[in-house]
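What follows is a single structure, written as structure tokens, with notes after it.
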Amino acid sequence: MMGYLRHRAVTDALALLALGVFAGLLATWLDAFEHLVAFLAHHEEIEADELLAAVVLTGWCGFIYALRRLSDLRRESRRRRQAEGDADWMASHDPLTRLPNRHFLAKLMEQREARYRSAEPRTGVLRIDLAGFKQVNDALGHLAGDGLLAETAERLRAAFPDTTVLRVGGNEFMVIMEEALPWTLPWSAQRALKAVRGTVKEAGEEIEIGVRVGAAAVPEHGPTLREVLRGADVALQAARQGNRNEIRIFDPAMRAQMQARAWLDRALPAAVQSGAIRPYYQPVVDLAGGHVAGFEALARWRAPDGRFVPPDQFIAAAERCGLIGTLSEHLLRQVCEDAAGWPAPVWVAFNLSPLQLADSLLARRIIAAAREATLPAQRLEVEITESALIQEPEVAQRVIDELRGAGIRVALDDFGTGYSSLALLSRFSFDKIKIDRSFIRSFRGDEKQMKIVRSILGLGLGLGTAITAEGIEEAGQQRLLRELGCQYGQGYLFGAAMPCPEAASLLARNQPERKQPAA
Ligand code: G
Ligand code: G
Ligand code: MN
């Protein structure tokens, strides 16, 4: 449009110039000026000289007018060019943080691929996301969430000046470091973590931001930026499985892990619905009497190819996919039904996931499941880990009180691995404490571990809480624990988790002496 106008202006100017030159030549050839002067001198009465001056003045005015319109046109064209540039900018930037976005990244990759073909120059990539961002959004509102993102962008920009910092997703950021030296990658990841972590004030609240960083570089982890972005994503996913503040550098083994995870997430819903995940039962032995006192139900999933999927993996997947409630409900029904068929007073213990303790109806569900299966509440035990109690202490308190009120026992699982907090022991009431197997494994040879096990046993005695030692694998461990006064033992020495029919036949063989008919 502008080009066409300029072209016409030039042709017009040339035509007018030609016309002027032609008129000048014609006037010279006809001596027009002399005739005009003579004419004016002869006819003073018509004031033609004034008229001429007016015509010349009008000409000049027209010229000025034309110049002004021309400058308007210029300004208009500049404004339009800028607007076009802005549209480009807007398409390739995020309006909230003013950082380049995914489109920018796509263009950058295209440019590199066109320019370098196969071997791209060395480039470090960090993918960064915020832990608990969704909770901030949900609890404090989207404005607070926006503020958090803007603040994060600012911190990253300050930490990486003259480097491309992008926002590539809801709460995901990226740093692309061209020409970065190989050994600086972990250091840069650390810099990103340090820059972003810490507290932010939003909506009048101090928010603690957690940061996860996945890092990868061209050419160590792939020949192109495109591939390395994927590698950094895999590393970020691995970092997400860790703590709140976590850094992972890409490692090819992660790829296999991610594929396994993706398979789990796909296959789990069907497995939960079809009942492919079943409870197995590991015996818990009364150490003084030597008989099986109860069983701990442990979920087992035999995949279609026959191999067992590790429970910590599918439990974590169920938590991730929001299926833990459904899975747990299926399992608990089966467990209560199975245990109702065992002779009294053999009991069954059921593990709860920390996530489930946020459900205020949990206790009622559990009580109902036992009742429906006609399993007396006294023969059902629920195992809870400390982390579950710390996340939602008020709800946990209510759930525990309700369960105990109904006669269901509550055990504190894996004691010794987490916080092992005395405050928790004093705040909540437990019927049983389970000493984690990591203590039992080595306590015989280790004076200090021995003292700790002895102290936990003393604590149990003082609080009137039964103690189970987990992970007993050797007869020597069993003997020592019995001598120390530990009431229950569990571990491969007595048996691993087994299907229900095997548990039933174990019970038939292993009855407490007092129950056996007198000879
Ligand atoms: O059985 P091991 O068997 O490998 O179990 C691994 C982990 O999975 C343990 O911490 C155990 O408490 C947990 N687990 C096993 N079964 C269940 C279950 O039914 N529900 C929940 N929430 N955790 C379970
Ligand atoms: O976290 P929780 O205590 O619920 O999990 C029990 C886990 O301990 C299960 O994974 C179970 O298979 C495992 N386990 C049970 N007995 C033993 C044992 O004697 N040695 C080892 N190493 N693990 C055991
Ligand atoms: Mn357990």
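Keep in mind it's a predicted model, so treat the numbers as computed, not measured. Atoms within each ligand, like the ligands themselves, are counted from 1 in listed order. Basis for what follows: all heavy atoms, side chains included, without hydrogens, waters or symmetry-related copies.
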Measuring to the Mn ion (ligand 3), does E470 have an N/O/S atom at a distance below 2.8 Å?
no
Closer than 2.8 Å to the Mn ion (ligand 3), do we get an N, O or S atom from D414, backbone or side chain?
no
Expected output: side-chain [X] to main-chain [Y] donor-acceptor under 3.5 Å:
X: R167; Y: F173; value: no
X: N510; Y: V292; value: yes
X: R212; Y: N245; value: no

For I324, is at least one N or O under 3.5 Å away from an N or O on ligand 1?
no
Is there a nitrogen or oxygen of D413 sitting under 3.5 Å from a nitrogen or oxygen of ligand 1?
no
Sub-4.0 Å atoms of ligand 2 with respect to non-hydrogen atoms of G491:
16 (N), 19 (O)
Of all the atoms in ligand 2, which lie at a distance below 4.0 Å from a heavy atom belonging to D414?
1 (O), 2 (P), 3 (O)
[Y] versus [X], side-chain donor and acceptor atoms under 3.5 Å:
X: Q397; Y: R427; result: yes
X: N351; Y: E296; result: yes
X: E319; Y: S353; result: yes
X: Q356; Y: S328; result: yes

Could you check which of [options] puts a non-hydrogen atom nearest to [atom]?
atom: atom 7 (C) of ligand 2; options: E470, R437, E474; answer: R437
atom: atom 21 (C) of ligand 1; options: I384, I277, T385, N351; answer: N351
atom: atom 14 (N) of ligand 2; options: F350, F415, Y492, Y280; answer: Y492

Does the side chain of [X] reach to within under 4.5 Å of the side chain of [Y], using non-hydrogen atoms?
X: L332; Y: E329; value: no
X: V234; Y: D251; value: no
X: I456; Y: F415; value: yes

Return the closest protein heavy atom for [atom] as residue, atom name and distance.
atom: atom 16 (N) of ligand 2; result: Q282 NE2, 2.9 Å
atom: atom 20 (N) of ligand 2; result: E473 OE2, 2.5 Å
atom: atom 11 (C) of ligand 1; result: L298 CD2, 4.1 Å
atom: atom 6 (C) of ligand 1; result: P311 CG, 3.9 Å

Row check, [Y] ring normal vs [X] NZ/CZ: under 6.0 Å, within 45°:
X: K432; Y: W347; result: yes
X: R307; Y: W263; result: yes
X: R191; Y: F160; result: yes

By number and element, which atoms of ligand 1 are closer than 4.0 Å to a non-hydrogen atom of S353?
22 (N)
Considering only N, O or S atoms, which atom of [X] is nearest to the Mn ion (ligand 3)?
X: E383; value: OE1
X: D413; value: OD2
X: E296; value: OE2

Within 4.0 Å of atom 9 (C) of ligand 1 (strictly less), any protein heavy atom?
no
Indicate, as side chain, backbone, both or neither, the part of [X] found under 4.0 angstrom from ligand 1 when only non-hydrogen atoms are considered.
X: L331; answer: side chain
X: R300; answer: side chain
X: L352; answer: backbone
X: I315; answer: side chain

Check: W301 ring centre within less than 6.0 Å of Y280 ring centre:
no
When you measure from the heavy atoms of G471 to every atom of ligand 2, does any distance fall below 4.0 Å?
yes
If the contact criterion is a heavy-atom separation under 4.0 Å, does R441 count as touching ligand 2?
no
